Amino acid sequence: MQEQVPTITPIDFDGYGEVPGIEVGRSFASRRELAAAKVHRPFQAGICGTAELGAESIVVSGGYEDDEDDGDVIVYTGQGGRDPESGRQVRDQELTLGNAALVTSRTIDSPVRVVRAVPHSTKRSANPSYRYDGLFRVEDSWHDIGRSGFRIWRYRLVSLSGYVPAHREPTLQEPAGRDTPTRLEAKVRRIVRSTKVANFVKRAHDFACQVCGERLRTPTGAYAEAAHIRGLGQPHNGPDVASNVLCLCPNHHTLFDFGTLAIAEDLTITDRATGAEIGRLREAPGHRVDQAHLAYHRDHYSEGWKHSPDSDK
């Protein structure tokens with residue numbers, strides 16, 4: 001029997017965001033149906049998008065051994081380097097194609113459609129069906145060494161709709177002191193950051209950026225941002241303590257989060273985009289930065305510039 005494929009031609013739809021007429025939770029029998037409905041256009045690739053415009057959609061299928069799926073929070077492994085027969089990584093991943101597209105989505109804060117493969121309960125067919133699970137925000141991107149010993153790109157995606165598949169039960173993690181920030185069960189689970197810690201670090205530096213020394217003034221007073229060196233919550237599990245926080249201006253906060261700035265053990269700051277040393281991290285009495293957190297940031301963010309097609313390094 002020939003497969004019936006629904007044809008949907010949305011008006012004024014550029015491929016990004018919600019697909020008009022497609023509700024969260026809708027099922028599709030095949031990748032062909034997903035493509036026809038414009039929910040996920042590639043027949044095989046798990047990421048749809050470009051480095052210039054960002055990612056339109058991804059398919060979460062469990063094909064990569066380092067994937068983690070908790071319903072409304074996904075730690076997604078980028079594409080490339082996997083042996084299709086064994087499912088194991090056999091070479092390093094690069095920051096190109098779909099991997100670069102997801103980083104761009106994070107940079108411009110563009111939501112990504114998430115589709116999950118749903119295995120059949122019977123053994124009649126080895127091919128899964130697919131379910132559209134809504135829009136997710138790319139909250140973080142970094143590189144790591146996967147289970148098989150090769151470099152992989154990883155992305156933390158958080159649901160914007162709070163949709164959790166019916167077969168998964170949302171969980172509430174009990175806080176364990178200050179080393180594990182409290183979680184709130186809301187539409188989307190979020191980390192509750194300590195305002196006292198952030199204010200302490202900013203006041204210790206008199207709201208001056210630890211990279212450039214600029215002290216921004218607003219009509220209501222000085223302004224700076226508290227930047228966590230090692231991210232809070234899964235999978236980084238950084239503590240919400242002063243030694244894991246920097247006082248930065250908005251520009252250098254953004255550059256630090258994306259790994260453009262690398263802070264060495266001697267606190268020398270390097271601009272990874274140019275390779276130039278731009279100074280030394282400014283210190284203040286009473287605020288000590290933990291070297292272990294700086295090393296973690298270098299190991300998981302800064303080295304990514306070696307794999308960037310725009311890098312001169």
Side-chain angles (χ1 to χ4, degrees), residues 1-64 67 69-82 84-85 87 93 96-106 108-138 141 153 155 157-168:
M1 182 176 179
Q2 186 174 5
E3 178 184 24
Q4 297 296 314
V5 179
T7 302
I8 298 175
T9 308
I11 300 174
D12 297 329
F13 177 61
D14 64 358
Y16 293 84
E18 295 281 11
V19 180
I22 304 296
E23 71 280 4
V24 176
R26 178 180 290 194
S27 295
F28 299 85
S30 65
R31 293 287 289 260
R32 189 162 173 252
E33 283 195 6
L34 281 173
K38 302 187 186 303
V39 176
H40 185 75
R41 295 185 293 110
F43 281 13
Q44 292 186 335
I47 305 172
C48 177
T50 66
E52 292 75 21
L53 299 177
E56 296 180 18
S57 57
I58 65 170
V59 171
V60 180
S61 62
Y64 283 84
D67 281 351
D69 188 355
D70 191 29
D72 58 352
V73 178
I74 301 167
V75 178
Y76 186 75
T77 305
Q79 63 186 189
R82 185 177 70 97
E85 297 296 328
Q93 292 183 347
T96 57
L97 304 174
N99 296 341
L102 282 170
V103 172
T104 299
S105 293
R106 179 196 173 198
I108 64 178
D109 200 21
S110 176
V112 177
R113 292 188 300 276
V114 167
V115 174
R116 283 185 172 91
V118 182
H120 291 297
S121 57
T122 66
K123 296 183 179 180
R124 292 183 179 180
S125 174
N127 297 321
S129 59
Y130 298 88
R131 183 186 61 242
Y132 170 54
D133 282 352
L135 295 179
F136 281 62
R137 177 175 179 263
V138 184
S141 58
W153 281 93
Y155 308 87
L157 296 97
V158 178
S159 173
L160 294 178
S161 64
Y163 176 78
V164 179
H167 69 285
R168 291 182 179 271

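This is a predicted model, so every value here is computed, not measured.
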Margin query: Test of understanding: with side chain to side chain contact (heavy atoms under 4.5 Å, CB included), list the residues that count as partners of A101, not counting sequence neighbours.
Written below: A55
Check: Is a side-chain donor or acceptor of Q93 paired with a backbone partner of G81 at a separation under 3.5 angstrom?
Finding: no
Item checked: With T104 via side chain to side chain contact (heavy atoms under 4.5 Å, CB included) - residues at least two apart -> I108
Notebook entry, point to check: Just how far is it from atom CG of L160 to atom CG of L135, taken to the nearest 0.5 Å?
Noted result: 6.0 Å
Check: Which value, rounded to the nearest 0.5 Å, describes the distance between K38 atom NZ and D14 atom CG?
Finding: 11.5 Å
Next item on the list: Would you indicate whether the side-chain heavy atoms of Y76 and V60 approach each other to under 4.5 Å?
Entry: yes
Note to self: List the residues meeting side-chain hydrogen bond (donor to acceptor under 3.5 Å, both in side chains) with E18, not counting sequence neighbours, and say none if there are none.
What the structure shows: Y132
Identify all side-chain donor-acceptor contacts of residues 42-53 below 3.5 Å with residues at least two apart in sequence or on another chain.
residue, atom, partner, partner atom, Å
T50, OG1, L53, N, 3.1

Check: Is the shortest heavy-atom distance from the side chain of E33 to the side chain of V39 under 4.5 Å?
Finding: no
Item checked: N/O donor-acceptor pair under 3.5 Å between D72 side chain and S159 backbone -> no
Checklist line | Minimum heavy-atom distance between L102 and V138, given as atom pair plus value | finding: O-CG1, 3.8 Å
Check: Is any side-chain heavy atom of N99 closer than 4.5 Å to a side-chain heavy atom of Y155?
Finding: yes
Checklist line | S141: partners by side-chain hydrogen bond (donor to acceptor under 3.5 Å, both in side chains), with sequence neighbours left out | finding: R106
Margin query: Quick check: do V115 and R131 have side-chain heavy atoms less than 4.5 Å from each other?
Written below: no
Check: Roughly how far, to the nearest 0.5 Å, is CZ of R113 from CD of E56?
Finding: 5.5 Å
Note to self: Is the shortest side-chain heavy-atom distance between Y130 and R116 below 4.5 Å?
What the structure shows: no
Next item on the list: Only counting residues at least two apart or in another chain, list the ones meeting side-chain hydrogen bond (donor to acceptor under 3.5 Å, both in side chains) with E23.
Entry: R26
Check: What closest approach, in Å, do F136 and G71 show between heavy atoms, and which atom pair accounts for it?
Finding: CZ-O, 3.7 Å
Margin query: Can you give me the closest heavy-atom contact between V24 and G134, atom names plus distance?
Written below: CG2-CA, 3.8 Å
Item checked: Distance (rounded to the nearest 0.5 Å) between L34 CG and F28 CZ -> 5.5 Å
Notebook entry, point to check: Should L157 and V73 be marked as a side-chain contact (heavy atoms from CB on, under 4.5 Å) after you check the CA-CA gap, both sets of side-chain angles, and the distance that decides it?
Noted result: CA-CA 6 Å; L157 296 97; V73 178; over 6 Å; no
